[in-house]
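These values consider heavy atoms only, across backbone and side chains, with no hydrogens, waters or symmetry-generated copies. Reminder, nothing fancy here: chain letters follow the sequence lines and each chain counts from 1. Keep in mind the model is a prediction, meaning the values are calculated, not measured.
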Amino acid sequence: DTEVTQTPKHLVMGMTNKKSLKCEQHMGHRAMYWYKQKAKKPPELMFVYSYEKLSINESVPSRFSPECPNSSLLNLHLHALQPEDSALYLCASSQAVFGGATLSFGSGTQLSVL
Amino acid sequence: DAKTTQPNSMESNEEEPVHLPCNHSTISGTDYIHWYRQLPSQGPEYVIHGLTSNVNNRMASLAIAEDRKSSTLILHRATLRDAAVYYCIQGDYKLSFGAGTTVTVRA
């Protein structure tokens with residue numbers, strides 16, 4: 001299995017809702033990532049987990065809360081989002097965090113905040 | 001912050017080679033050069049990466065200048081499926097994507 005699976009593929013939520021994005025990989029990778037991509041812009045790193053521990057938070061607002069329950073799963077909990085948070089949210093994984101690590105990306109969750 | 005410079009767009013004919021340049025003049029000795037591409041409505045896809053020596057894989061070749069301040073991604077025979085945004089990234093696993101080069105392939 002060489003895939004990173006993200007669910008749901010599309011999500012529409014109101015500003016008072018709480019929702020979660022899910023990411024799963026079965027490649028034995030020990031590093032997992034969340035990226036955010038606005039339309040026609042490059043992806044931007046949000047969080048990095050290494051061995052199920054948060055190792056990088058790129059100053060992301062607290063309305064985004066990541067969670068790594070085990071080495072195969074990564075969640076992104078969303079609460080009180082703003083319309084400007086509408087974007088494609090990409091999950092990725094790699095064997096570990098080192099310079100030459102190569103990332104495998106999922107297809108993303110397209111999020112719309114109304 | 002993105003540290004690489006790439007042309008905004010390039011066009012190619014099908015079955016012809018495509019040479020995508022990238023400048024990374026601030027590269028350090030431990031920075032890798034990564035290339036990813038993103039097809040429409042998909043997540044980025046790993047293409048190739050290298051540190052000092054030229055690299056080849058089934059998708060492409062990566063030619064790295066001797067001073068490492070520039071590199072070129074070579075797609076040997078472009079197909080319509082190679083139409084994508086190609087990102088050249090200098091650094092480590094914390095990929096810092098720049099604007100990339102949009103490659104169009106003409107049939």
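- The number of heavy atoms from other shown groups lying within 6.0 Å of CD (B:Glu66) does not exceed 12.
- B:Tyr87 is listed as a side-chain neighbour of A:Pro42, based on a closest heavy-atom distance under 4.5 Å.
- For the pair B:Pro44 and A:Tyr35, the minimum side-chain heavy-atom distance is 4.5 Å or more.
- Only the backbone of A:Lys41 comes within contact range of chain B, with at least one heavy atom under 4.5 Å from a heavy atom of that chain.
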>> Applying side-chain contact (heavy atoms from CB on, under 4.5 Å) to B:Tyr93 and A:Tyr33, what does each step give before you reach the verdict?
In response: CA-CA 10 Å; B:Tyr93 63 92; A:Tyr33 309 71; 3.6 Å; yes
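- Annotation: A:Arg63, atom CZ; neighbour count of heavy atoms from other residues, nucleotides and ligands within 6.0 Å is above 12.
- B:His34 approaches A:Ala101 most closely through the heavy-atom pair CE1-O, 3.6 Å.
- The contact between A:Thr102 and chain B is made by backbone and side chain atoms together, counting heavy-atom distances below 4.5 Å.
- The candidate with the highest count of non-hydrogen atom pairs below 4.5 Å against chain B, out of A:Cys91, A:Ser107, A:Gly100, is A:Gly100.
- Neither the backbone nor the side chain of A:Gln110 comes within contact range of chain B, judged by heavy atoms closer than 4.5 Å.
- Around atom CG of B:Asn8, no more than 12 heavy atoms belonging to other residues, nucleotides or ligands sit under 6.0 Å away.
- Neither the backbone nor the side chain of B:Leu51 comes within contact range of chain A; no heavy atoms are under 4.5 Å apart.
- For A:Glu44, the CD atom sits in a loose shell: 12 or fewer heavy atoms of surrounding residues, nucleotides or ligands are nearer than 6.0 Å.
- Under a 3.5 Å cut-off, the side chain of B:Tyr36 and the backbone N or O of A:Leu103 do form a donor-acceptor pair.
- The two residues A:Leu90 and B:Gly43 make their nearest non-hydrogen contact at CD2-CA, 3.8 Å.
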